[in-house]
Structure formats: structure tokens, C-alpha cells
Amino acid sequence: MRYVRGVASARRSSAKKKPAGRYHHGDLRRALLDVAGAMLEEDGPEAFTMREAARRVGVDHRAAYRHFEDRRALLAVVAEDGYRELVEVIERELALAAPSDHGARLGRLARAYVEFANRRPGRYQVMTGPRVNEDGRFPGVETALADAFHLVRRELDAGIATGAFRPVDVTEVVLTLWAGMHGVASLIAMRRLRVRREGFGDFAERAIGHTVRGLLRDDTELD
């Protein structure tokens, strides 16, 4: 009996001496994503490593691989989360425009896109750089991207349905608008366009407005 009590006492003593884990079940994955986001904004995707992310979180790098198969798996989640955040940002901006003002709504959409890209440069590079889902391992990225594209298509469809926009090949115009927004965002990020930070949104609206004017049935000026 004394032996059993001694073992139990030793176990309790060992448990007391063992340092409490910094993260309990379910927290480490989120912590790694949060740290990854901060690292991407600091140094960009090229400098990001799983080992450094784990070190900053305070765990052995092998623990990180229990949540993410490899570096690309973690970046895929970063990209997916980024597109979902972009959708939310665009929807909030669109809520500021009248449903019937289709030209202004596309301008608002461009504003939201460019401001997001320049507020989250590291995350944006992961979203729009070399495809993290090249081999189809991460279908969630494609779904999130499709949701973002759908916002542009939805606005075009609405404008065509009311007669505000000319009948056009919607897919081609969506791609044109998306390319235009990405181009503006990338040129600003690379400092090829000299635009004050507080003027990013205004510049994006004006830039995309040239394309939108070609869509308007009466070719009227945008506000």
C-alpha cells in the first residue's frame, strides 16, 4: 500500500514540476496563423518559414507540422482567409453606395480591393503570387477566390439587368476589372505609382472609372 501511495505521490509531484503548456488543444493552429500573418507583413512570403513561426509561438517546430502538413499548407489557409476577408471588406464598402448607382458601386468595389491589398501587403502577395493550390491540394482557396470574383460578376449582372450597363461578355469584363484592380494595387505596392496612402481608394475609383464609363449605356460621367 505504501508503494502505491508513493507512486501516486511521485506522479503528483512530477505533474507539478512540469511547466504548463502555453497553448491548450485547439489554440496552436490559430496561433501559428496569427504569427504567420504578422511575419508576412514584416518580411513578405519569401522569408516565411514554419520553423520561425513555431519559434515565435513558443513551440518546437515539429508541433507545427501536426496542424499543417507543410509550409504551403499553412500559406493556403492564409490565402483562403485573405479572400474571405476581402469579400467582407468589399461588401461593407458596397453598402455605402445606392443599389441603383451601378457605376459608383463598381468604383466602391475597386476602392475596397486596392485599400485591402495595401493594408495587408504580405497576405495579398500570398493570395495573388505563385498559386499555392497548383496541385489541387487546397480547394478551399479556389472556393474563396470564386466568392470574391462573384461579387464583381454580381454587380455587372445587376447593372446589365437594369439597363445601366451595355450587354457585354460578363466573364471577360470581370477579368478585365479584376486585372485592373490588381494592377493598380501592385503598382502602388511596388511604388511604381506615386500615390499618397490616404489617396489609394480615390485613385482606384478614378482608375477603374475609365473602364466603367465604357460599360454605361449612355456613357455618362461617374460621380
Side-chain angles (χ1 to χ4, degrees), residues 33-48 56 75 77-130 132 141 144-156 158-159 164-165 173-216 219-223:
L33 288 170
D34 290 343
V35 165
M39 291 173 64
L40 290 167
E41 302 310 334
E42 290 171 11
D43 304 311
E46 296 302 320
F48 173 77
R56 293 196 187 191
L75 291 180
V77 177
V78 169
E80 182 177 345
D81 287 350
Y83 280 118
R84 301 211 180 284
E85 182 180 349
L86 176 60
V87 167
E88 293 175 1
V89 168
I90 290 174
E91 290 284 23
R92 286 199 297 270
E93 190 67 34
L94 288 174
L96 301 176
S100 60
D101 196 345
H102 301 288
R105 290 178 68 81
L106 286 179
R108 288 279 186 178
L109 194 154
R111 169 186 287 274
Y113 183 103
V114 171
E115 288 182 340
F116 168 84
N118 285 276
R119 188 172 62 254
R120 301 277 205 181
R123 184 181 294 268
Y124 183 72
Q125 287 182 59
V126 175
M127 293 162 59
T128 60
V132 294
V141 177
L145 172 58
D147 289 344
F149 263 79
H150 175 72
L151 290 182
V152 187
R153 177 179 287 275
R154 184 189 73 190
E155 295 303 317
L156 280 171
F165 292 157
V173 176
V174 168
L175 292 173
T176 298
L177 290 170
W178 195 273
M181 294 186 297
H182 174 63
V184 170
S186 297
L187 289 171
I188 290 176
M190 293 186 293
R191 299 182 182 179
R192 301 295 186 184
L193 288 176
R194 296 183 178 275
V195 182
R196 292 182 180 277
R197 180 172 295 276
E198 61 272 18
F200 287 168
D202 290 339
F203 183 85
E205 284 198 57
R206 290 197 303 273
I208 212 70
H210 295 298
T211 300
V212 174
R213 271 189 286 274
L215 293 171
L216 295 172
D219 203 28
T220 56
E221 289 294 317
L222 295 174
D223 292 335

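The residues of the chain are indexed from 1 along the displayed sequence. Heavy-atom basis, side chains included; hydrogens, waters and symmetry copies ignored.
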Trainee: Val141 and Ala79: which non-hydrogen atoms are nearest, and at how many Å?
Mentor: CG1-CB, 4.3 Å
Trainee: Can you confirm whether Arg119 sits close enough to Val89 that some side-chain heavy atom of one is under 4.5 Å from a side-chain heavy atom of the other?
Mentor: yes
Trainee: Between Leu175 and Phe149, is there a side-chain heavy-atom distance shorter than 4.5 Å?
Mentor: yes
Trainee: Go through Leu40 and Leu75 one step at a time and tell me if the side-chain contact (heavy atoms from CB on, under 4.5 Å) criterion holds.
Mentor: CA-CA 10 Å; Leu40 290 167; Leu75 291 180; 4.3 Å; yes
Trainee: Starting at CG of Asp101, measure out to CG of Leu96 and round the result to the nearest 0.5 Å.
Mentor: 12.5 Å
Trainee: Take atom CD of Glu46 as the centre, draw a 6.0 Å sphere, and report whether it contains more than 12 heavy atoms from other residues, nucleotides or ligands.
Mentor: no
Trainee: Side chains of Arg111 and Asp202: closer than 4.5 Å at any heavy-atom pair?
Mentor: yes
Trainee: How far does CE of Met39 sit from CG of Asp34, to the nearest 0.5 angstrom?
Mentor: 13.0 Å
Trainee: With a 4.5 Å cut-off on side-chain heavy atoms, are Glu91 and Leu151 touching?
Mentor: yes
Trainee: Per the side chain to side chain contact (heavy atoms under 4.5 Å, CB included) rule, which among Glu93, Met127, Met181 passes with Phe116?
Mentor: Met127
Trainee: Of all the heavy-atom pairs spanning Val35 and Arg56, show the shortest one and how long it is.
Mentor: CG1-CB, 3.8 Å
Trainee: State the CG-NE2 distance between Leu216 and His102, to the nearest 0.5 angstrom.
Mentor: 10.0 Å
Trainee: Search all heavy atoms of Pro45 against all heavy atoms of Val126 and return the closest pair with its distance.
Mentor: CG-CG2, 3.8 Å
Trainee: Can you tell me how far the CG atom of Leu177 sits from the OG1 atom of Thr211, to the nearest 0.5 Å?
Mentor: 6.0 Å
Trainee: Taking only residues two or more places apart in sequence or in another chain, which ones pass side-chain contact (heavy atoms from CB on, under 4.5 Å) with His182?
Mentor: Tyr113, Tyr124, Thr128, Ser186
Trainee: Looking at every heavy atom in both Ala144 and Glu80, which two are closest together, and how far apart are they?
Mentor: CB-O, 3.8 Å
Trainee: Which heavy atom of Val184 sits nearest a heavy atom of Leu193, and at what distance?
Mentor: O-CD1, 4.3 Å
Trainee: State, to 0.1 Å, how close Glu155 and Leu94 come at their nearest heavy-atom pair, and which atoms those are.
Mentor: OE2-CD1, 3.7 Å
Trainee: Say you draw a straight line from CG of Asp81 to CZ of Arg123; how long is it, rounded to the nearest 0.5 Å?
Mentor: 6.0 Å
Trainee: Carefully, step by step, assess Glu88 and Arg84 under the rule salt bridge (Lys or Arg N to Asp or Glu O under 4.0 Å).
Mentor: CA-CA 6 Å; Glu88 293 175 1; Arg84 301 211 180 284; over 6 Å; no
Trainee: Which value, rounded to the nearest 0.5 Å, describes the distance between Thr176 atom OG1 and Leu156 atom CG?
Mentor: 10.0 Å
